[in-house]
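Per chain, numbering begins at 1; letters A, B, ... match sequence-line order.
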Amino acid sequence: MPLLLPPPPTPTPPCASRDPLHAAPRRSRSPSTSRPPSRHRRTASARSTLPAAARDLLADDPTPRAFSALLKAASSSASPPRRPSSLGLGAQLHAQAVVRGFLGGDDSTILATAVLSFYASCREPDLARKVFDGMPRRNAVTWNALIKGYAQAGRREEAILLFRDMKREGSHVAPDRYTFPALLSGIGREGGSGRTLVSLYAARRTLEDAKVAFDQVGSSDPIVWSSMISAYVNCEEEEGALLIFFNMLCQDIKPTQFVYSTVFSVCGRMGILEMGKQVHAHSLKSNTEKDAAMFNALLTMYSDCGCINDAQKVFSSNDCVNVISYNSMISALGQHGYPKEALEHFRQMKFAGLMPDEVTLLNLISSFNHAGLVHEGLQMFNSMVDIEGIKPMYQHYACVVDMLARSGEIGKAMKTINEMPFEAEAPLWRIVLGACSKHRDIETGKRIAEMLFEMEPYEATNYILLGNIYARLGRWTEAEKVRSLMGERGVYKDDAFSWIEMGQRTYRFGVDDRSHPISREIYRNLDRLISTIKVAGYVPDISFAAHNIQRDRKEESLYYHCEKLAFAFGDLAAPSGGTLRIMKNLRVCGDCHCAYKYFSLVTGREIILRDNQRFHHFNSGFCSCGDYW
DNA sequence: CTAGGGTTAG
């Protein structure tokens with residue numbers, strides 16, 4: 001076998017060795033470990049990756065401890081991004097340990113666990129399992145490592161089964177404070193971008209199991225709590241994550257920097273500023289020193305809640321600025337419609353000696369995209385390899401396609417898709433379809449829609465966009481046909497809703513929502529506002545009405561869009577002239593966008609609206625997006 | 001230098 005390591009030394013007589021492991025009687029090797037898997041042979045490249053120090057260490061009659069240390073070193077470079085060679089490297093260490101008789105004995109648990117952990121870190125839970133099965137003794141560390149291996153490979157069922165076996169009488173080990181983080185690590189992120197509803201559901205079930213066990217056992221270990229919080233976030237259960245955080249505070253467990261970072265991020269994505277501020281204040285009172293991640297998460301929280309100035313303040317007060325700080329700031333400025341400032345931060349960043357990465361360039365191009373600066377965006381994209389040495393990834397191409405298509409260059413967008421070195425995925429086609437709808441390109445739109453109906457038949461947006469193309473052209477029969485197709489196939493779109501914070505509470509509004517206690521006053525205020533802005537020049541744009549219904553009914557259906565209701569409520573409840581921050585789960589409707597401009601004019605209020613794409617700042621009749629979004 | 005833990009940007 002072409003092993004790079006030196007041959008095993010001639011066996012020392014047990015009595016001559018002071019190392020208890022050497023002194024241990026050699027056992028017959030278990031079948032699972034005596035013959036390393038065949039893939040070990042392929043990795044001659046491991047030769048070059050073995051550090052010289054490691055080679056010396058091994059040449060000098062290595063002990064099992066040395067093997068453990070080396071396996072650990074190989075592990076840390078193995079988990080993402082994985083280097084293909086590290087699997088071969090660890091496997092060779094494994095093989096050598098076997099040859100030297102270091103594995104298989106009752107006292108070999110630590111080394112075997114190191115081997116197991118190595119395979120687990122290489123996303124090879126089956127190899128880890130083989131080691132596990134061959135071990136005469138296992139402890140909690142062993143079990144936890146294997147559970148983590150399955151969990152991180154996305155094989156939750158097996159991880160859960162192991163967790164249950166571990167709890168069972170007779171396994172001689174009990175779950176400890178490392179077990180929950182192992183079971184929950186990476187939960188809900190399985191498969192990266194291709195996560196399905198089914199996998200999300202499965203992840204939530206695992207989470208529930210863990211929650212039950214967690215409630216039974218309890219723990220004062222902050223990392224156990226923080227892994228629970230992260231698990232909720234990854235499973236898109238933000239409210240649950242906050243509840244865990246509150247429970248943690250109630251039990252007087254001091255949140256760590258990890259916890260604060262995660263909770264800031266939760267408040268940001270939920271768009272709950274008051275809560276975010278309170279958590280921020282809590283972190284200051286608790287004397288938790290802010291680390292880089294906390295600064296960056298805090299910055300993003302303020303930006304996500306619509307407070308770009310506060311985000312900027314956090315950035316300026318950050319004394320441990322890193323690349324992510326700049327990326328976050330550039331992203332925030334782009335989403336709020338400040339491409340020049342984003343570019344300025346890019347220059348500052350390089351001046352400060354920080355190397356821009358893929359995300360930096362993506363955020364910059366995206367900031368140009370938001371602002372409709374197609375020329376600048378293309379220039380940045382075309383020069384990124386030469387000037388920054390960064391090769392465009394899929395997301396960069398997707399951003400450029402989005403930029404071209406939305407600006408009306410649908411032909412160029414299609415050309416880019418055809419020429420890019422990646423296969424376009426459904427979400428990108430959906431963006432182009434949206435642009436076809438916006439620019440009334442019916443032929444291209446139809447072609448893309450047909451393709452999307454195949455690719456993702458249950459994505460409602462595709463039907464709605466195609467329907468809108470027909471509706472805008474007044475082709476009601478065809479629009480209606482698309483609608484009924486949706487019904488036949490049982491496709492439903494997410495309900496639109498908007499929310500606004502007032503005092504300590506968040507108020508949520510659906511379309512035509514009449515569930516609010518002061519609903520009558522809200523509708524009365526909205527009717528009054530509509531009359532006022534009509535006098536000021538607002539004309540309802542009924543092309544945004546969903547159905548082919550009578551004109552006055554259409555107007556009415558527009559009035560009670562959720563974002564208008566949220567504004568009418570905020571206008572009643574907040575001191576006059578004050579800024580209102582409103583969030584929407586979907587894209588803002590074109591008519592509402594127009595109405596908001598008039599609302600800002602007639603009420604003298606600044607309105608900051610976050611939709612699922614970006615921020616709109618309405619002031620004195622104008623929007624920061626310049627009506628391009 | 002005997003094995004095991006959770007964040008932040010798009």
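Side-chain atoms of A:Ser68 come within 3.5 Å of backbone atoms of A:Pro64 as a donor-acceptor pair (strictly under, hydrogens ignored).
Using atom P as the reference point in both B:dG5 and B:dC1, the two lie 14 Å apart (nearest Å).
Taking atom CG on A:Leu183 and atom C1' on B:dG4, their separation rounds to 14 Å, with Å as the unit. Taking atom CZ of A:Arg189 as the reference point, atom C1' of B:dG10 lies 13 Å away to the nearest angstrom. Rounded to whole angstrom, the span from the CD atom of A:Gln257 across to the P atom of B:dG6 amounts to 16 Å. Note: CZ (A:Arg269) to P (B:dT7) measures 11 Å, nearest angstrom. With rounding to whole Å, A:Leu70 atom CG is found 9 Å from B:dC1 atom C1'. B:dT8 atom P lies 10 Å from atom CZ of A:Phe258, rounded to whole Å. Between the CZ atom of A:Phe615 and the P atom of B:dG10 there is a distance of 10 Å, rounded to whole Å. Going from atom CZ of A:Phe118 over to atom P of B:dT2 covers 19 Å, rounded to whole Å.
Comparing B:dG10, B:dT2, B:dG4 by their nearest atom to the side chain of A:Met393 picks out B:dG10. Considering only the side chain of A:Val141, B:dG4 comes nearest among B:dA9, B:dT7, B:dG4. When the nucleotides B:dG6, B:dT8, B:dC1 are ranked by their closest atom to the side chain of A:Ile223, B:dG6 comes out on top. Closest to the side chain of A:Arg177, out of B:dT8, B:dG5, B:dG4, is B:dG5. Among the nucleotides B:dG4, B:dT8, B:dG10, the one closest to the side chain of A:Leu362 is B:dG10. If you check B:dT8, B:dG10, B:dG6 against the side chain of A:Gln152, the one that comes closest is B:dG6. Comparing B:dT8, B:dA3, B:dG4 by their nearest atom to the side chain of A:Ser265 picks out B:dT8.
A donor and an acceptor atom sit less than 3.5 Å apart, one in the side chain of A:Thr256 and one in the base of B:dG6. Between the side chain of A:Asp221 and the base of B:dG5, a donor-acceptor pair under 3.5 Å is found. For a distance-only test at 3.5 Å, the side chain of A:Ser227 fails to qualify as a donor-acceptor partner of the base of B:dG6. Applying the 3.5 Å distance criterion, the base of B:dT7 shares a donor-acceptor pair with the side chain of A:Ser261.
For DNA chain B, the neighbouring residues in residues 316-336 of chain A, judged by any heavy atom under 4.0 Å, are A:Ile324, A:Asn327, A:Ser328, A:Ser331, A:Gln335.
Using a 4.0 Å heavy-atom criterion, one finds that A:Ala114 contacts the sugar-phosphate atoms exclusively. Within 4.0 Å (heavy atoms only), A:Val259 reaches no atom of the nucleic acid at all.
The residues A:Asp319 and A:Lys290 are annotated as not salt-bridged, no charged nitrogen and carboxylate oxygen being separated by less than 4.0 angstrom. For A:Asp126 and A:Lys130, the salt-bridge test fails: no basic side-chain N is under 4.0 Å from an acidic carboxylate O.
Not one side-chain nitrogen or oxygen of A:Lys148 sits closer than 4.0 Å to the OP1 or OP2 atom of B:dG4. Within the 4.0 Å cut-off from OP1 or OP2 of B:dT7, at least one side-chain nitrogen or oxygen of A:Ser230 is found.
At a threshold of 4.5 Å between non-hydrogen side-chain atoms, the residues A:Tyr119 and A:Val115 count as touching. Taking the side chain as every heavy atom from C-beta outward, A:Pro339 and A:His370 never approach each other to under 4.5 Å. A heavy-atom distance below 4.5 Å is found between the side chains of A:Tyr397 and A:Pro421.
Remark: A:Arg156 is not positioned above the aromatic ring of A:Tyr150, lacking an NZ or CZ atom under 6.0 angstrom from the ring centre and at most 45 degrees off the axis.
Within a 6.0 Å sphere centred on CZ of A:Phe246, other residues, nucleotides and ligands contribute more than 12 heavy atoms.
Scanning for salt bridge (charged side-chain N to carboxylate O under 4.0 Å, His left out) contacts around A:Lys254 gives an empty result, with sequence neighbours left out.
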